[in-house]
Structures are given as C-alpha cells and as structure tokens.
Visitor: 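Got a structure for you, written out below as structure tokens; questions coming shortly.
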Amino acid sequence: MAPLLAVRDLRQRFDVSGSIFDRLRIRNGRITAPRRIVHAVNGVSFEIARGEVLGLVGESGCGKSTLAKTVIKLHEPTGGAIALDGEDITQHDFHRMRPIRKKMQMIFQDPYASLNPRQRVRDIVMEPYLENAAGPVPDVAERALALLAKVGLGREHADRYPHQFSGGQRQRIGIARALSVEPDLIIADEPVSALDVSIQAQILNLMMDLKDEFGFSYLFITHDLSVVRHISDRIGVMYLGFMVETGPKDAIFENPLHPYTQALLAAAPVLGTPLPPAADAIKGEVPSALNLPTGCPFRTRCPLAFDRCAAERPVLKSQGGGHAVACHLHDAGVPVA
Ligand code: SF4
C-alpha cells in the first residue's frame, strides 16, 4: 500500500549572506564576502504509513523542526520531493496547498504563541474548518463544543481567551484546532516539552487516544527519548540535518547501530529525562551547519571514525527488518531509495 507521506531526498538551505551591501558587491562582480548558506536539511528521505507514528529525535538544532516546517511547506523546499497520499506537493503554491493543509495539520511546541490571543476558544478551534468549508456552516457552535469535549474541555471553556488557560489546556486547544478538519497527518513539533512532566503524560495519552479513534498518522518531533519511545511505531534519528538511522522502535532502542544513536541512548537512560546537552553526551562541538564536515557529518565527534569517514559521505543502508543506518561500519546493507 502506498505510504500516506513520502519524503525523498528533501533539502532545505537558507542563504544568510551578510548585508544588502554584500549582495550588491556580489551582483557587481566585486565579491568581498562569500555566500553563507545554512545547510539545515540534507537529503532526508522517509515514509509514514496510515495510522503510523514516526518519532523524529535528535539534539536541539539538528534540523528536526526545519524538516517538519518544510514537509508542511511553511518553508519551500530547496530540493527533493514531498508526496501526500500519492500527490506530489513539492511545487504546490499557496492556493494549491489549501486543500492539502486540510489533510496535514501542525501542533506547535508553544501552544500560547500559536493561538491568537484575541480570539475566543470556540473561534480558534473552528478556524481551520471554516476556512475549508464550501459554504455556511449552520452547526458551528455545536461542532466547536464537540471538539472541545474530545480534548477534555467543557462548554464553559468555549468563550474564554487563551490567556485564561494553563499550558496543558492550551495544548488541548491546539489539538482540537488540528482535529477540526479531520486530518490524515498531524505534525507535532515538541508538543509536550514546554509542559510539566505530570501534564506531559496526560497530553501524550490524549494524543494517542485520538489517533486510535480517528486513525490519522503522526510525525512526532521531540528531543526526549522517553517520549519518543512511548509514542512511536518507528523512529528516525537526525544529526546535523541528516537522517543517520531509522527503524522500528524496538530495533532502535535494543540494537542501535549508529555511534550517534548509541551515544544518545547511553546518555539518557532514565525515564522522563531529556537528552543532555551535546557536550555531556558526546565529546566535541556540533559542527556549524554553515560549514558541514566532509564525509560523515558525525566524524568530528565519532570515537570510531577512520580514514574513509572523512573522505566519503555514508548513505542510509537497509540492515533488514526496516532498520537502516548511514555509517561506514555497516556498509553491507542495501542503499535506501
Ligand atoms: Fe563514525 Fe565513520 Fe560511522 Fe560516521 S561513518 S558514524 S564517523 S564510524
């Protein structure tokens, strides 16, 4: 069966060259400053099946959020392809994306920043639905109340404003808003990392219950291994904008193959403990995305690096059982298309 979401060789680069004067000098042929390109996402490929949860994990700044925003086309991709339900949406403009956005919703890390402070909750949750409705919606108030009930909020909450809610309640509002259009895919970008640990569990359980009820898929982004283990069917590990390992949850946790994944797991073995800063988990600094290392992106910090690692970029290769890794130590596998 065709995957719900298929992402192929996706790339996202940002030109952060200096001032307008630098650009003018470049245009006039008198280049005094080199172009500065952030290589945020570097040839990432993955698929998500209907009803599946793909957890995306990695340290802060590894490109997870940029990847998510590129998939949903808040950023236009600079390379590669995105297909949703068999439709190639890579080149879709704003208008052609409107019906697609109904199928693909996003939940953000900061629920307060993502909710309009001047709108009442009933208007917030119904906004995506009304934007996509073909005509007048007579039962809009009842629909809003039904959505709020789905996420554990009552009739009395419908006329309040976002500032009158706790962080957990605001995230429930964000979830109800995403649900209003009955999406096929929800991209959740660190949806619980700003919440207290006790509230995190409630929101995660709510998200899983809703997935089971409605049958949609999640691309679930987090830096917390215990969260990704709780919620995911499969896991993707990102480093410096590259997907370095993917596989079923149990394969990643019980038999991690990439030295970066092994270091992450070794550094965060305790339930509820977020990944430590890179310096604590792995020796050395994360290289700049402005100046990627040659060869393997992890080679400057990898304790197992050898000569070939500096000369040749490893590609993601299948190791069987849906488990794939990009590391020259596991070269026998078959390249993942
Ligand atoms: Fe380490 Fe080399 Fe494997 Fe990269 S390719 S993770 S540097 S052993």
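Order of appearance sets the numbers: ligands from 1, and atoms from 1 within every ligand. All figures in this text were calculated on a predicted structure; none of them were measured in a lab.
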Visitor: Strictly under 2.8 Å, is any N, O or S atom of C309 next to atom 2 (Fe) of ligand 1?
Guide: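 For C309, the answer is yes, given that an N, O or S atom comes within less than 2.8 Å of atom 2 (Fe) of ligand 1.
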
Visitor: Would you mind running through ligand 1 and noting each atom that sits below 4.0 Å from a heavy atom of P259?
Guide: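 Per the distance check, 6 (S).
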
Visitor: Which protein heavy atom lies closest to atom 4 (Fe) of ligand 1, and at what distance to 0.1 Å?
Guide: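 Among all protein heavy atoms, the one nearest atom 4 (Fe) of ligand 1 is C296 SG, 2.3 Å.
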
Visitor: Give a yes or no on whether the ring-centroid distance for H39 and F14 is below 6.0 angstrom.
Guide: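 Between F14 and H39, which both carry aromatic rings, the centre distance is not below 6.0 Å.
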
Visitor: Can you name the atoms of ligand 1, numbered from 1 with element, that are less than 4.0 Å from a heavy atom of L329?
Guide: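 Counting from 1, the qualifying ligand atoms are 8 (S).
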
Visitor: Could you work out, with ring-ring contact (aromatic ring centres under 6.0 Å, His included) as the rule, every residue matching F216, not counting sequence neighbours?
Guide: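 Listed in chain order: Y218.
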
Visitor: Tell me, do Q319 and V325 make a side-chain contact under 4.5 Å, heavy atoms counted?
Guide: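 Contact flag for Q319/V325 side chains = yes.
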
Visitor: Heavy-atom distance under 4.5 Å between the side chains of V16 and L290, does that happen here?
Guide: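 Heavy-atom side-chain distance check passes, below 4.5 Å.
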
Visitor: Would you mind telling me if ligand 1 is within reach of the side chain of C327, the backbone, both or neither, using heavy atoms under 4.0 Å?
Guide: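 Both backbone and side chain.
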
Visitor: Does the distance from a Lys or Arg side-chain N to an Asp or Glu carboxylate O, for E131 and R98, drop under 4.0 Å?
Guide: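 Between R98 and E131 there is no salt bridge, as every charged N stays at least 4.0 Å from the carboxylate O atoms.
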
Visitor: Record the part of R308 in heavy-atom contact with ligand 1 below 4.0 Å; permitted values are side chain, backbone, both and neither.
Guide: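 Looking at R308 and ligand 1, no heavy atom falls under 4.0 Å.
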
Visitor: Is the NZ or CZ atom of R118 positioned over Y161's six-membered ring, under 6.0 angstrom from the centre and within 45° of the axis?
Guide: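 No, cation not above the ring by the 6.0 Å, 45° rule.
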
Visitor: Hey, which atoms in ligand 1 end up nearer than 4.0 Å to a heavy atom of H258?
Guide: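 Answer, ordered by atom number: 6 (S).
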
Visitor: Are K249 and D233 ion-paired here, with the side-chain N under 4.0 Å from a carboxylate O?
Guide: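 No, K249 and D233 are not salt-bridged.
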
Visitor: Return the residue, atom name and 0.1 Å-rounded distance of the protein heavy atom closest to atom 1 (Fe) of ligand 1.
Guide: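 Answer for atom 1 (Fe) of ligand 1: C302 SG, 2.4 Å.
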
Visitor: Which protein non-hydrogen atom lies closest to atom 5 (S) of ligand 1, naming both residue and atom, and how far is it?
Guide: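 Residue, atom and distance for the closest contact: H328 N, 3.3 Å.
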
